[in-house]
2 protein chains.
Amino acid sequence: MSRRNELTRQAARLFAQKGYHGTSIGDLAEAMGVQKGSLYAHISSKQDLLYVTMAEGARAFHAGLDAIPEELPATAKIRLALRSHLAVVADQLDVATVFVQEWRYLEGERRDEIIAERRRYEERIRAFFREGRDLGELRTDLDETTAALLVLSAVNWAYTWLQPGRDTDELADRFYSLLVEGMRGYATPA
Amino acid sequence: MSRRNELTRQAARLFAQKGYHGTSIGDLAEAMGVQKGSLYAHISSKQDLLYVTMAEGARAFHAGLDAIPEELPATAKIRLALRSHLAVVADQLDVATVFVQEWRYLEGERRDEIIAERRRYEERIRAFFREGRDLGELRTDLDETTAALLVLSAVNWAYTWLQPGRDTDELADRFYSLLVEGMRGYATPA
DNA sequence: TTGCTCGACCCTAACGATCGTTAGGGTACC
DNA sequence: GGTACCCTAACGATCGTTAGGGTCGAGCAA
């Protein structure tokens with residue numbers, strides 16, 4: 001792996017652990033075993049490192065959704081989306097952590113760009129619920145905005161508790177079951 | 001209101017907006033209309049301001065649960081807990097935001113203290129689900145840890161989208177309905 | 001009423017440390 | 001002879017914090 005990639009990986013790790021403003025160029029240099037001035041052979045600013053990490057996060061999350069076949073029922077898509085998102089968080093925990101909590105320290109148009117990517121991702125999720133309701137798989141009075149908010153909250157929070165190496169598919173399915181079937185169960189309908 | 005309280009309010013606001021490390025003592029002084037050295041008549045360090053905000057957050061969230069009557073059914077308690085949490089977030093948005101995202105910048109035993117308060121809060125929520133399952137209000141195969149995780153994720157994420165002035169009770173009830181009754185609805189049981 | 005003290009509040013000026021970044025030069029391998 | 005990589009040394013700026021001194025009004029004693 002190139003030295004530059006190694007640097008971006010360390011950056012993701014440290015930004016996730018101590019935050020963007022809590023991580024100094026000196027910290028990064030130390031992690032690379034190098035003097036801090038030397039880093040500028042690979043990057044042009046600290047902001048660059050943040051942006052690269054964010055862009056990688058956006059790419060990974062979108063790629064997860066891209067792999068979901070269009071022709072599946074909406075509920076199946078939702079289940080796969082949950083699996084995909086948790087999988088990304090689990091095996092790129094640093095990137096996912098930075099993506100979720102450090103985006104506000106981006107500056108300029110790069111900030112706008114990442115915000116737009118996030119919105120687009122959320123909209124793709126929302127579409128699944130809209131489709132599920134309109135095609136009769138989900139309850140007809142479902143508010144797709146609230147439903148998507150609930151799912152996105154669950155997965156966006158995952159970086160705080162998910163430990164890498166766990167079986168994230170099983171966890172995703174547990175979430176799916178709770179969300180779709182409810183916590184009450186069918187034995188005692190209202 | 002005392003000058004000291006005014007300072008802690010501004011601190012919560014700025015920490016929420018720009019992060020702890022992203023906010024300088026100079027920023028705080030400017031917000032107070034004062035030279036930065038003057039702040040040290042009211043506090044003994046920047047860490048103090050963070051801790052005070054965190055402690056207020058912990059207090060507010062716990063106080064919300066304290067107001068829930070013990071004798072209610074578990075599902076009613078869960079609904080009230082959702083309401084209470086969203087209410088705290090909505091009318092102390094800055095404090096709640098700092099409480100959720102900036103706790104990791106606390107140092108020393110104060111950090112441990114706040115982490116313990118958070119754990120205790122989560123355990124109180126978990127107990128509601130355990131009670132609801134054991135007393136037959138919720139499905140018998142309910143995993144209380146997953147259920148609590150789902151609810152806590154939803155409300156912990158709320159600071160990112162909740163706008164003050166909204167009717168948070170109605171929002172909380174929508175969440176409650178989705179979580180307990182499910183998104184599929186009773187018309188099409190498995 | 002006057003004079004005095006006390007506490008709350010703020011100032012200026014500086015401290016040493018650390019910040020992100022740059023310049024210029026060096027080594028080693030293809 | 002490039003290309004990739006790293007060094008030392010310094011830059012101006014900003015960081016959190018401290019020291020020492022000043023102003024003002026409230027409360028109290030004479």
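Just so you know, these numbers use all the heavy atoms, side chains as well, and skip hydrogens, waters and symmetry mates. Numbers restart at 1 for each chain; the letters A, B, ... are given by sequence-line order, proteins then strands.
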Taking the side chain from B/R174 and the backbone from A/T146, do they hold a donor-acceptor pair closer than 3.5 Å? no
Check whether any side-chain N or O of B/R184 sits under 3.5 Å from a backbone N or O of A/E137 as a donor-acceptor pair, and report yes or no. no
On DNA chain C, reading 5' to 3', which nucleotide is the first and which the last to sit with an atom under 4.0 Å from a heavy atom of chain A, could you check? C/dC19 to C/dT22
Could you tell me whether the side chains of [X] and [Y] share a donor-acceptor contact shorter than 3.5 Å?
| X | Y | answer |
| --- | --- | --- |
| B/E181 | B/Y176 | no |
| B/Y105 | B/Q47 | no |
| B/Y121 | B/H85 | yes |
| B/S44 | B/D48 | yes |

Interatomic spacing from CG in A/L178 to CG in A/D173 - rounded to 0.5 Å: 11.0 Å
Would the number of heavy atoms belonging to other residues, nucleotides or ligands and lying under 6.0 Å from CD of A/E30 be above 12? no
Just distance, no hydrogens or angles: give the donor-acceptor pairs under 3.5 Å from side chains in residues 66-74 of chain A, sequence neighbours left out.
residue : atom : partner : partner atom : Å
A/D66   : OD1  : A/R124  : NH1          : 3.2
A/D66   : OD1  : A/R124  : NH2          : 2.7
A/E70   : OE2  : A/K77   : NZ           : 3.3

Heavy atoms within less than 4.0 Å of DNA chain D: which residues of residues 26-47 of chain B have one? Give them sorted by number. B/K36, B/G37, B/Y40, B/S45, B/K46
Residues in contact with DNA chain D, drawn from residues 13-25 of chain B - heavy-atom cutoff 4.0 Å: B/T23, B/S24, B/I25
Where each pair must be Watson-Crick or G-U wobble with both distances under 3.5 Å, what dot-bracket representation of DNA chain C is obtained, with crossing pairs in [ ] and other-strand partners as |? ||||||||||||||.||||.||||||||||
Any residue meeting side chain to side chain donor-acceptor pair (under 3.5 Å) with B/S45, in chain and number order, not counting sequence neighbours: none
